[in-house]
Amino acid sequence: MSGALVVVELAQGKPAAVSLELLGLARKVAGQTGGAVSALVFSGDPDIAVALIARGADQVFSVGDPAAAEYNSDTWLACAERAATMTAATLILAAHTTKGADLAPRLAFRLKSAVATGCVAVAAD
(Lines give C-alpha, C1' and ligand atoms only; values in the text may rest on other atoms or scores of the structure.)
Protein backbone atom coordinates (compact mmCIF):
# COMPACT_ATOMS: atom_id res chain seq x y z
CA MET A 1 0.00 0.00 0.00
CA SER A 2 1.37 3.39 -0.93
CA GLY A 3 -0.64 5.19 1.70
CA ALA A 4 -3.97 6.10 3.16
CA LEU A 5 -5.87 9.35 2.94
CA VAL A 6 -8.56 10.33 5.45
CA VAL A 7 -11.07 13.01 4.54
CA VAL A 8 -11.64 14.76 7.86
CA GLU A 9 -14.98 16.28 8.77
CA LEU A 10 -15.30 18.88 11.50
CA ALA A 11 -17.88 19.18 14.27
CA GLN A 12 -18.01 22.48 16.13
CA GLY A 13 -14.60 23.47 14.80
CA LYS A 14 -12.82 20.26 15.81
CA PRO A 15 -12.20 16.95 14.06
CA ALA A 16 -15.39 14.89 14.27
CA ALA A 17 -15.16 11.71 16.34
CA VAL A 18 -15.86 9.57 13.29
CA SER A 19 -12.96 11.19 11.45
CA LEU A 20 -10.63 10.46 14.36
CA GLU A 21 -11.79 6.83 14.29
CA LEU A 22 -11.00 6.68 10.57
CA LEU A 23 -7.58 8.17 11.24
CA GLY A 24 -6.92 5.42 13.79
CA LEU A 25 -8.05 2.79 11.29
CA ALA A 26 -5.80 4.27 8.61
CA ARG A 27 -2.87 4.22 11.05
CA LYS A 28 -3.55 0.55 11.85
CA VAL A 29 -3.72 -0.46 8.17
CA ALA A 30 -0.66 1.64 7.33
CA GLY A 31 1.22 -0.02 10.18
CA GLN A 32 0.53 -3.40 8.59
CA THR A 33 1.66 -2.31 5.15
CA GLY A 34 4.30 0.34 5.81
CA GLY A 35 2.35 3.15 4.14
CA ALA A 36 1.96 6.74 5.25
CA VAL A 37 -1.25 8.30 6.55
CA SER A 38 -2.42 11.65 5.21
CA ALA A 39 -5.37 13.72 6.35
CA LEU A 40 -7.34 16.24 4.31
CA VAL A 41 -9.16 18.87 6.34
CA PHE A 42 -11.15 21.87 5.18
CA SER A 43 -9.80 24.33 7.71
CA GLY A 44 -6.71 26.48 7.89
CA ASP A 45 -6.58 26.25 11.70
CA PRO A 46 -3.07 25.01 12.58
CA ASP A 47 -4.34 23.55 15.87
CA ILE A 48 -6.49 21.12 13.89
CA ALA A 49 -3.49 19.99 11.87
CA VAL A 50 -1.49 19.48 15.07
CA ALA A 51 -4.35 17.45 16.57
CA LEU A 52 -4.55 15.24 13.48
CA ILE A 53 -0.82 14.58 13.57
CA ALA A 54 -1.09 13.72 17.26
CA ARG A 55 -3.83 11.22 16.37
CA GLY A 56 -1.77 9.43 13.71
CA ALA A 57 -1.50 11.48 10.52
CA ASP A 58 1.95 11.70 9.00
CA GLN A 59 0.94 14.76 7.02
CA VAL A 60 -2.07 17.06 6.82
CA PHE A 61 -3.43 18.86 3.79
CA SER A 62 -5.30 21.93 5.02
CA VAL A 63 -7.70 23.81 2.78
CA GLY A 64 -7.75 27.23 4.39
CA ASP A 65 -10.30 28.93 2.15
CA PRO A 66 -13.29 29.75 4.42
CA ALA A 67 -15.62 29.08 1.48
CA ALA A 68 -14.50 25.42 1.55
CA ALA A 69 -15.43 24.96 5.21
CA GLU A 70 -19.04 24.26 4.26
CA TYR A 71 -19.45 21.17 2.12
CA ASN A 72 -19.42 21.85 -1.59
CA SER A 73 -19.12 18.69 -3.66
CA ASP A 74 -17.11 20.27 -6.47
CA THR A 75 -14.60 21.94 -4.15
CA TRP A 76 -14.18 18.95 -1.84
CA LEU A 77 -13.91 16.58 -4.81
CA ALA A 78 -11.17 18.61 -6.49
CA CYS A 79 -9.21 18.86 -3.24
CA ALA A 80 -9.61 15.17 -2.40
CA GLU A 81 -8.60 14.15 -5.91
CA ARG A 82 -5.48 16.28 -5.72
CA ALA A 83 -4.52 14.99 -2.26
CA ALA A 84 -5.10 11.38 -3.34
CA THR A 85 -2.97 11.88 -6.43
CA MET A 86 -0.18 13.67 -4.54
CA THR A 87 0.01 10.92 -1.92
CA ALA A 88 -0.58 7.99 -4.27
CA ALA A 89 -3.13 6.81 -1.72
CA THR A 90 -4.43 3.31 -2.29
CA LEU A 91 -6.92 3.57 0.58
CA ILE A 92 -9.16 6.60 1.00
CA LEU A 93 -11.43 6.78 4.02
CA ALA A 94 -14.42 9.08 4.39
CA ALA A 95 -17.14 8.93 7.02
CA HIS A 96 -20.48 7.37 6.18
CA THR A 97 -22.21 10.73 6.57
CA THR A 98 -24.13 12.77 4.04
CA LYS A 99 -20.86 14.45 3.02
CA GLY A 100 -18.90 11.22 2.77
CA ALA A 101 -21.71 9.38 1.00
CA ASP A 102 -21.81 12.13 -1.63
CA LEU A 103 -18.04 12.53 -1.98
CA ALA A 104 -16.82 8.91 -1.99
CA PRO A 105 -18.49 7.63 -5.18
CA ARG A 106 -17.62 10.83 -7.05
CA LEU A 107 -14.00 10.51 -5.97
CA ALA A 108 -13.89 6.82 -6.91
CA PHE A 109 -15.20 7.70 -10.37
CA ARG A 110 -12.60 10.44 -10.82
CA LEU A 111 -9.80 8.12 -9.71
CA LYS A 112 -11.13 5.23 -11.78
CA SER A 113 -11.30 3.05 -8.69
CA ALA A 114 -13.88 1.32 -6.54
CA VAL A 115 -15.90 2.49 -3.57
CA ALA A 116 -17.28 0.55 -0.63
CA THR A 117 -19.78 2.29 1.64
CA GLY A 118 -21.20 1.47 5.05
CA CYS A 119 -18.21 -0.71 5.97
CA VAL A 120 -17.82 -1.95 9.52
CA ALA A 121 -14.26 -3.29 9.07
CA VAL A 122 -11.26 -2.86 6.80
CA ALA A 123 -8.19 -5.07 6.55
CA ALA A 124 -5.02 -5.00 4.46
CA ASP A 125 -4.68 -7.98 2.16
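For T117, there are no side-chain hydrogen bond (donor to acceptor under 3.5 Å, both in side chains) partners at least two apart in sequence or on another chain. For Y71, the ring-ring contact (aromatic ring centres under 6.0 Å, His included) test picks out W76, with sequence neighbours left out. Here D102 pairs with R106 under the salt bridge (Lys or Arg N to Asp or Glu O under 4.0 Å) rule; sequence neighbours left out. Listed by chain and number, the residues in a side-chain contact (heavy atoms from CB on, under 4.5 Å) with L93 are V6, L22, L25, A26, L91 (sequence neighbours excluded). Residues satisfying the salt bridge (Lys or Arg N to Asp or Glu O under 4.0 Å) test with E81, not counting sequence neighbours, are R110. Remark: A108 engages S113, V115 in a side-chain contact (heavy atoms from CB on, under 4.5 Å) (not counting sequence neighbours). Contacts of A94 classified as side-chain contact (heavy atoms from CB on, under 4.5 Å), with partners at least two apart in sequence or in another chain: V7.
Counting only residues at least two apart or in different chains, ring-ring contact (aromatic ring centres under 6.0 Å, His included) contacts with residues 82-121 are absent. Counting only residues at least two apart or in different chains, salt bridge (Lys or Arg N to Asp or Glu O under 4.0 Å) contacts with residues 10-39 comprise R27-D58. Within the structure, salt bridge (Lys or Arg N to Asp or Glu O under 4.0 Å) pairs that include any residue of residues 86-97 do not occur (at least two apart or interchain).
If you take OG1 on T85 and CG on L111, they are separated by 5.5 Å, rounding to the nearest 0.5 Å.
Hydrophobic clustering (side-chain heavy atoms under 4.5 Å, transitive across Ile, Leu, Val, Met, Phe, Trp, Tyr) groups L10 together with L23. Residues V8 and M86 are members of separate hydrophobic clusters, defined by side-chain heavy-atom contacts under 4.5 angstrom among Ile, Leu, Val, Met, Phe, Trp and Tyr. Residues I92 and V18 do not share a hydrophobic cluster, clusters being chains of Ile/Leu/Val/Met/Phe/Trp/Tyr side chains in contact below 4.5 Å. In terms of hydrophobic clustering, with Ile, Leu, Val, Met, Phe, Trp and Tyr side chains grouped at heavy-atom distances under 4.5 Å, V122 and L107 are assigned to different clusters.
Nearest heavy atoms, L5 versus A84: CD2-N, 3.7 Å.
For the pair T97 and E9, the minimum side-chain heavy-atom distance is below 4.5 Å.
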Check residues 34-55 and write down every donor-acceptor pair under 3.5 Å in which the side-chain atom is one partner and the other belongs to a residue at least two apart or another chain.
from, atom 1, to, atom 2, distance (Å)
S38, OG, Q59, NE2, 2.9
S43, OG, D45, N, 3.1
D45, OD1, D47, N, 2.9

